[in-house]
Structures are given as C-alpha cells and as structure tokens.
2 protein chains.
Amino acid sequence: MGIIRKTQSVAVLLKEFENKPNAISAIELIKRLSSKINKTTVYRVLDKLEDDGVLHSFLDNSGIKWYAKCNGCSKTGHIDMHPHFQCLSCGKVDCLSVEVKIPPIPNRKIEVSQVLIQGRCESCNV
Amino acid sequence: MGIIRKTQSVAVLLKEFENKPNAISAIELIKRLSSKINKTTVYRVLDKLEDDGVLHSFLDNSGIKWYAKCNGCSKTGHIDMHPHFQCLSCGKVDCLSVEVKIPPIPNRKIEVSQVLIQGRCESCNV
DNA sequence: ATATTAATGCAACTGAGTTGCAAATATAGC
DNA sequence: GCTATATTTGCAACTCAGTTGCATTAATAT
C-alpha cells in the first residue's frame, strides 16, 4: 500500500531527495529530521514511497538501508537494474548509470539482482 | 587476526562447511550448533576463518550474514568476484560460478563489488 | 609440567528496524 | 465550512542479529 494522503511528513521527506542525486540512508534521514518527524514515521513513509515507485532502496555492506530517487521505476515494479556505488573513504553512496549484465543462469529464474560496488569516489580518488 | 589455535570450535565449524557447496547463514549455524558452541564464539570463529581466507561472507537482502567456503581466496584478499544466488522460494543460498563483469566507472576506483541475485533455484523452478 | 596467551561462555549491551495502540490530521461527503 | 471516517503519526516498548567486557578454560611453547 502506497501513499494515500499528502501529509507534512511526505512533503518533508520528498524535499530531502529533491535535486539530490545521491542515495541517503534511513539512519541519516532520521537524524536530519529528528526534530520534525518521528523515526517510525520516517521508516513508514520511506516504505510507502518505495511502494509507489518514487524511491528505491538497497542495503549496503553493513546492512543499513539506503534510499534513492527512482528513474524509470514504476508502481508495478522496479525495472532499473543499476548498480550502487559506496565510497569507502567519504561514505557517499550513489546510483551508477552504467548497466551491469547478469548472465543467464542455467535452470534458475532470476527475479531481482543487486550490485553494490565499493571503492573511492570521484572526489576521494585523487 | 586469523586462527591461531586449532580448537574444538574451529573443527566443529569447519565440519559444517565440509562437502557442502551452499552458503550457510550465521543464524543457521548458531541454531545448529547451539548445544556445542556459544553464539559469540560462532561469530568470532567465522570472523577469523574469513580473515584466513577459508570462508567468505556476504549479506542478503534482509541484512543477514551468510558464509561460504572460499575458492581461490587468499589471506591477502578475497579475489573471487562470483555472484551469490538466493532462492526466494526455499531460501537456499549458493555461490554461482559465472562471472559478472563490472564495467569500469569513470574517475572511481573499484575495490570490492558484490552481486546478489534472487529468484527461483533449480529445485524450485519447476 | 607449568607458564603464557589465545579462545570460550556468559550476560549484558547495541542499534537498526518493527509493532500496538491511542491521539492527531487529511480527505470525502454534505 | 463542518463533520464523519479512515489514514497517519508519535510514543514506548519490543525484536533480533550481532557485539563487548570480563572472568574462566584450554591450547601451545618452553
């Protein structure tokens, strides 16, 4: 079940993703918005925005959840299969626009796949 | 710091991975061995076996940790970049021997990358 | 056989994420 | 605009995988 009502919380959360290409962790959003929105609500709204195809989410190497704006995701399913890049130096996470080809696996039906790449980002790789 | 002494716990844990190609979750190991080894010890031994390049680990989509025997991993780093496959029907997780090509990313230095593929395994895909 | 040092068990903790429920607030119907 | 109804929210308490501190136990070196 996605977003039904246009509430304050939804507006505030959407604003965080406005004009920001990076992914943001749930934890970070909770910290940032702690004076405005309760953490339970942050999780719930993120969940709904994901259902609606506005955001997509993924876990990083330490098991924490990141959200980023969708590009071409639809309500019926997240169709984009872009990898995510996490900088091991500054911690920044973003969506890469390259495509990673998953080879067909004999006898298995692939439904979802996730690629997390870690290394040093443009700013830290100097 | 890896394994220094050949203890009972190490032997018991290694036995679990003997002749088993599948990955096993830390949780599952703790359950299976609860009468023999304390959970803290399970985590610590797994950690050390990973340091030694005997096992490698990865997180699944729900953030739980899986371990599998290494093939060609060395003490100086895990060199294999095989994807992991998790069956959404029976829950089984295993290492795939196919290679996933990560394209070079402009200006970024790739250090690690992880690919988790989810779907239906050979047994469940009928 | 003993001293030394690593490994273990236990209990208590951490921290991201979840749940139940009562209070607040958005929307639909008038 | 006002009210009824259903969704959202906040709060506190909880879950659960994984971690930490510390005293005890068990490998290894001498």
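Reminder, nothing fancy here: chain letters follow the sequence lines and each chain counts from 1.
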Using atom [atom1] of [X] as one end and atom [atom2] of [N] as the other, report the distance to the nearest whole Å.
X     : N      : atom1 : atom2 : value
B/I30 : C/dC10 : CD1   : C1'   : 14 Å
B/D47 : D/dA17 : CG    : P     : 17 Å
B/E28 : D/dA17 : CD    : C1'   : 14 Å
B/L49 : C/dA7  : CG    : C1'   : 13 Å
B/R5  : C/dT8  : CZ    : P     : 10 Å
B/Q8  : D/dT24 : CD    : P     : 22 Å
A/I3  : D/dT9  : CD1   : P     : 7 Å
B/K36 : D/dT25 : NZ    : P     : 22 Å

Problem set entry | Short side-chain N/O contact to D/dA26 OP1/OP2 from B/K6, under 4.0 Å |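 For B/K6, the contact criterion (side-chain N or O under 4.0 Å from OP1 or OP2 of D/dA26) is not met.
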
Exercise. Can a side chain N or O of A/S9 be found less than 4.0 Å away from OP1 or OP2 on D/dT8?
Worked result: no

Problem set entry | Comparing B/I64 and B/I4 on DNA chain D - which has the more 5′ nearest nucleotide |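 Looking at the nearest nucleotide for each, B/I64 comes out on the 5' side.
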
For this session: Please determine, by modelled atom types, if B/Q114 and A/N61 share a side-chain donor-acceptor pair under 3.5 angstrom.
Result: yes

For this session: State, without any angle test, whether A/Q118 and A/Q86 hold a side-chain donor-acceptor pair at a distance under 3.5 Å.
Result: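 A/Q118 vs A/Q86: donor-acceptor pair found between side chains.
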
Exercise. What nucleic acid atoms does B/I37 come within less than 4.0 Å of, heavy atoms only: base, sugar-phosphate, or nothing?
Worked result: sugar-phosphate

Exercise. For residues 38-46 of chain B, which residues have at least one heavy atom under 4.0 Å from DNA chain C?
Worked result: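 Within this stretch, B/N38, B/T40, B/T41, B/R44, B/V45 sit under 4.0 Å of the strand.
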
For this session: Please work out which of the three classes, parallel, tilted or perpendicular, describes the rings of A/F58 and A/W66, given edges at 30° and 60°.
Result: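 It falls in the parallel class, under 30°.
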
For this session: Output the distance between atom CZ (B/F85) and atom CZ (B/R120), rounded to the nearest 0.5 Å.
Result: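 B/F85 atom CZ to B/R120 atom CZ measures 9.5 Å (nearest 0.5 Å).
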
Problem set entry | B/D52 (side chain) donor-acceptor with B/V54 (main chain) under 3.5 angstrom |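 No, the answer is negative, given that no donor and acceptor are paired below the 3.5 Å cut-off.
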
Problem set entry | Within 6.0 angstrom of A/K92 NZ, more than 12 heavy atoms from elsewhere | yes

For this session: Among B/I117, B/V115, B/L116, find the residue that satisfies the side-chain contact (heavy atoms from CB on, under 4.5 Å) test when tested with B/H84.
Result: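 That would be B/L116.
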
